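Just so it is clear, the structure is predicted and the values come from calculations on it, not from any experiment. Proteins come first, then strands; the chains are lettered A, B, ... in the order of their sequence lines, and each starts at number 1.
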4 protein chains.
Amino acid sequence: MAKRTKSNEKRIALLNATLYLVNNNGFHDAPMSKIAKMAGVSPATIYIYFENKQDLINQLYLENKASFSEAAFKDYAVNLSVKNGFELIWRNIAHYKLNQIEEANFLSQCDNIATMVDEESRQEGLKNLQPLLDLWERGQKEGIIKNISPYLLYAYTIYPLAFLMTMQKRNDFELTETNLSEAFDSAWNTIKI
Amino acid sequence: MAKRTKSNEKRIALLNATLYLVNNNGFHDAPMSKIAKMAGVSPATIYIYFENKQDLINQLYLENKASFSEAAFKDYAVNLSVKNGFELIWRNIAHYKLNQIEEANFLSQCDNIATMVDEESRQEGLKNLQPLLDLWERGQKEGIIKNISPYLLYAYTIYPLAFLMTMQKRNDFELTETNLSEAFDSAWNTIKI
Amino acid sequence: MAKRTKSNEKRIALLNATLYLVNNNGFHDAPMSKIAKMAGVSPATIYIYFENKQDLINQLYLENKASFSEAAFKDYAVNLSVKNGFELIWRNIAHYKLNQIEEANFLSQCDNIATMVDEESRQEGLKNLQPLLDLWERGQKEGIIKNISPYLLYAYTIYPLAFLMTMQKRNDFELTETNLSEAFDSAWNTIKI
Amino acid sequence: MAKRTKSNEKRIALLNATLYLVNNNGFHDAPMSKIAKMAGVSPATIYIYFENKQDLINQLYLENKASFSEAAFKDYAVNLSVKNGFELIWRNIAHYKLNQIEEANFLSQCDNIATMVDEESRQEGLKNLQPLLDLWERGQKEGIIKNISPYLLYAYTIYPLAFLMTMQKRNDFELTETNLSEAFDSAWNTIKI
DNA sequence: CATGAATGAGTGTTCATTCAT
DNA sequence: TATGAATGAACACTCATTCAT
């Protein structure tokens with residue numbers, strides 16, 4: 001009856017290897033054999049933990065989305081004022097994107113390339129931003145935030161951070177504390193009434 | 001005395017096929033054989049026009065960047081005021097991204113994924129935005145535009161359009177003329193002093 | 001004082017699963033993992049009961065051969081007349097092939113495909129028909145049965161039943177009681193002097 | 001415009017290699033890599049001539065069925081008497097099965113194992129026996145052949161040859177000219193009225 | 001210039017079997 | 001005894017690229 005049990009270590013090692021290889025070589029040069037080798041297991045072992053390559057990517061995406069969202073809403077509470085709440089979330093996200101560069105970069109690829117994660121996982125991943133959407137809606141009801149589509153709000157406040165992350169990763173640009181405050185001001189000015 | 005010469009038609013057909021397949025199937029499912037078939041030529045023929053697959057992607061990137069920049073600076077002249085010049089360019093870019101969705105989407109993929117075009121082509125592609133950088137520099141000298149890194153200026157004015165394009169392509173969101181004006185106001189407010 | 005001992009139930013379950021899968025999916029799509037799952041045990045458990053896959057097939061073959069031969073010689077006694085003895089055996093075999101279709105089909109595959117069971121098991125399996133060969137020899141001595149090779153006798157009396165079984169399994173043909181009597185007459189006419 | 005053309009030699013070499021390997025190693029140990037090596041081509045080349053492994057087997061089956069049927073009806077004409085026509089066909093088939101042992105053995109495997117060729121090809125292959133079925137029908141109308149199902153006629157006249165072929169291939173038995181005449185007599189006696 | 005055949009190296013995945021418990 | 005995890009070797013098949021014409 002006794003038996004070896006699935007080791008979470010191996011699962012994590014596989015996810016980490018995948019993240020690393022997709023980020024640095026691209027999806028098209030991250031073969032299962034390399035992933036296995038990097039994780040220190042046999043190629044066949046991957047299929048104990050994941051159904052197939054797509055499933056591996058999907059799970060990696062969803063778990064990183066979840067950990068991103070945890071970071072994004074750290075210390076957030078609905079009783080914060082709209083501005084304070086937004087600033088907290090914005091800074092959390094900025095902090096994540098500029099420090100957890102690898103994870104953020106992976107998520108950015110997945111979100112930008114239609115063919116990387118399947119539609120179901122993408123929809124699932126979207127749910128993670130709900131509290132921010134709720135905050136914006138509240139801000140609009142309170143007359144604090146412009147009454148425009150959340151897509152526009154996102155495009156002008158959160159999405160720019162993805163660009164800064166990419167530049168940071170390429171060492172083209174470094175975001176200082178001052179820059180960050182300027183950037184937040186820009187973001188806030190854009191959406192506040 | 002007609003001589004047989006490389007037919008530009010075939011070259012164009014190959015570039016178009018590549019754009020289409022990379023956009024719709026992803027880089028990892030855009031094999032040379034499919035590209036050839038779609039362009040109506042033999043796989044071997046690709047190698048008459050392009051050195052290899054990377055070269056094909058690089059050239060496609062550079063030509064689209066060039067045509068993007070042509071669109072971006074249409075009707076622009078250095079004697080325009082900073083605000084008018086910026087608005088012209090911004091609207092040109094917005095127009096391009098929301099109408100030439102396929103081309104814009106391809107460029108966006110290349111710019112976001114480190115491994116798609118090689119570094120040399122990327123650097124080459126960057127030059128296309130020079131007139132905008134020049135305009136910003138002039139605006140800063142004239143005390144009209146905030147004295148912050150052009151990366152930030154780009155992140156908060158141009159880059160958001162990439163997000164709107166992606167949403168538009170996914171039919172999640174449609175940008176109206178009103179939206180566009182709001183979006184421009186946001187962009188301008190962000191960077192003007 | 002119950003001691004843990006190899007459970008015959010599991011052994012039987014494994015043999016049944018193998019029979020089913022080889023018959024319905026073919027040898028090449030009857031992997032140990034499926035066999036195990038169908039038998040409700042772990043793949044590793046198979047190796048407690050059988051040395052390897054070949055051994056599993058061999059044992060399945062031999063046990064089915066034995067049960068086939070038991071059926072073939074049911075109620076047979078050497079004091080029966082040659083004709084009566086032959087008719088009894090022939091009808092027993094026909095009954096087996098047309099009712100125990102799965103078992104018969106498996107045996108037929110093994111006997112037709114050189115590479116399914118190994119030579120040793122095949123030789124072992126042949127012994128099961130000995131009483132029929134003895135009967136034929138007696139018939140020849142008594143001048144009742146043609147003095148031709150038992151291979152020919154078998155080919156023209158017993159072997160045709162395999163074809164009828166295959167057709168029956170494919171629903172191309174159904175053998176009635178009348179057919180059966182005609183078929184036996186054919187068989188007997190073929191070999192009687 | 002010029003190009004290398006598909007060489008029929010390679011196609012034939014591939015079919016031959018497949019026949020040999022399936023016969024001697026079994027379907028489950030006739031991998032594409034071995035087939036390619038034996039045919040003296042790269043594994044990838046197989047896919048120029050055949051869609052996939054199933055297609056390769058199907059085509060091999062159909063071509064052998066066709067050449068079998070050509071042999072079976074050599075010199076046959078509808079104006080022959082029923083008995084003479086049947087003897088001609090029977091001897092042709094016997095000759096084929098006992099001399100073209102490899103081909104006959106392959107066909108026998110395909111016909112016995114449900115999972116080897118797909119249903120469509122099997123149905124296609126069946127058509128090859130039509131002239132024999134026609135002859136039997138004529139014989140029944142003329143009151144020369146027993147009025148029983150053609151499945152029974154086949155089972156008792158043609159099918160036994162498959163057994164003799166198998167035994168011959170295994171060197172368990174050799175069919176002489178005398179044997180053959182005896183065997184034909186058995187076959188004819190079985191079905192004639 | 002242009003081609004379809006040809007290929008070695010590689011792809012994602014499965015398999016019979018063994019390991020550690 | 002019995003297990004599920006683990007695996008090296010193999011599988012069918014595809015790819016970017018080159019060859020021969």
I'd like a list of close polar pairs between nucleotides 8-11 of chain F and the protein, N/O only, cut-off under 3.5 Å.
| unit_1 | atom_1 | unit_2 | atom_2 | d |
| --- | --- | --- | --- | --- |
| F/dG8 | N7 | A/Ser42 | OG | 3.1 |

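A/Ser108 and A/Asp111 share no donor-acceptor pair across their side chains, judged by distance under 3.5 Å alone.
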Next item on the list: Whenever both distances are under 3.5 Å in a Watson-Crick or G-U wobble pair, mark it; put DNA chain E into dot-bracket that way, with [ ] for crossing pairs and | when the partner is on another strand.
Entry: .||||||||||||||||||||
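With sequence neighbours left out, the salt bridge (Lys or Arg N to Asp or Glu O under 4.0 Å) criterion links D/Lys169 to D/Glu102. By the salt bridge (Lys or Arg N to Asp or Glu O under 4.0 Å) test, C/Glu119 is found to be paired with C/Arg122, residues two or more places apart in sequence or in another chain being considered. The salt bridge (Lys or Arg N to Asp or Glu O under 4.0 Å) check on A/Asp55 picks up nothing, with sequence neighbours excluded.
Residue pairs meeting the ring pair (Phe, Tyr, Trp, His ring centres under 6.0 Å) criterion with at least one member in residues 28-64 of chain A, sequence neighbours excluded: A/His28-B/Phe27.
Counting heavy atoms from C-beta outward, A/Ile35 and A/Leu56 have side chains that approach closer than 4.5 Å. The shortest side-chain heavy-atom distance between B/Asp29 and B/Val22 does not fall under the 4.5 Å cut-off.
Between A/Tyr49 and F/dA6 there is a side-chain N or O to OP1 or OP2 distance below 4.0 Å. A sub-4.0 Å separation between OP1 or OP2 of E/dA2 and a side-chain N or O of B/Lys10 is present.
Comparing C/Phe27 and A/Phe27 by the nucleotide of DNA chain E whose heavy atom lies nearest to each, the residue mapping closer to the 5' end is A/Phe27. Mapping B/Asn52 and D/Asn52 onto DNA chain F by nearest heavy atom places D/Asn52 at the nucleotide closer to the 5' end. Closest-nucleotide positions on DNA chain E for D/Ser7 and C/Ala30 were compared, and the one nearer the 5' end corresponds to D/Ser7.
Using a 4.0 Å heavy-atom criterion, one finds that C/Phe50 contacts no nucleic acid atom at all.
D/Glu120 CD: 12 or fewer foreign heavy atoms inside a 6.0 Å radius.
What separates NZ of B/Lys37 from C1' of E/dT3 is a distance of 15 Å, to the nearest Å.
Proximity note for A/Tyr47 (side chain, C-beta onward) versus E/dG12, E/dA6, E/dC1: the nearest is E/dG12.
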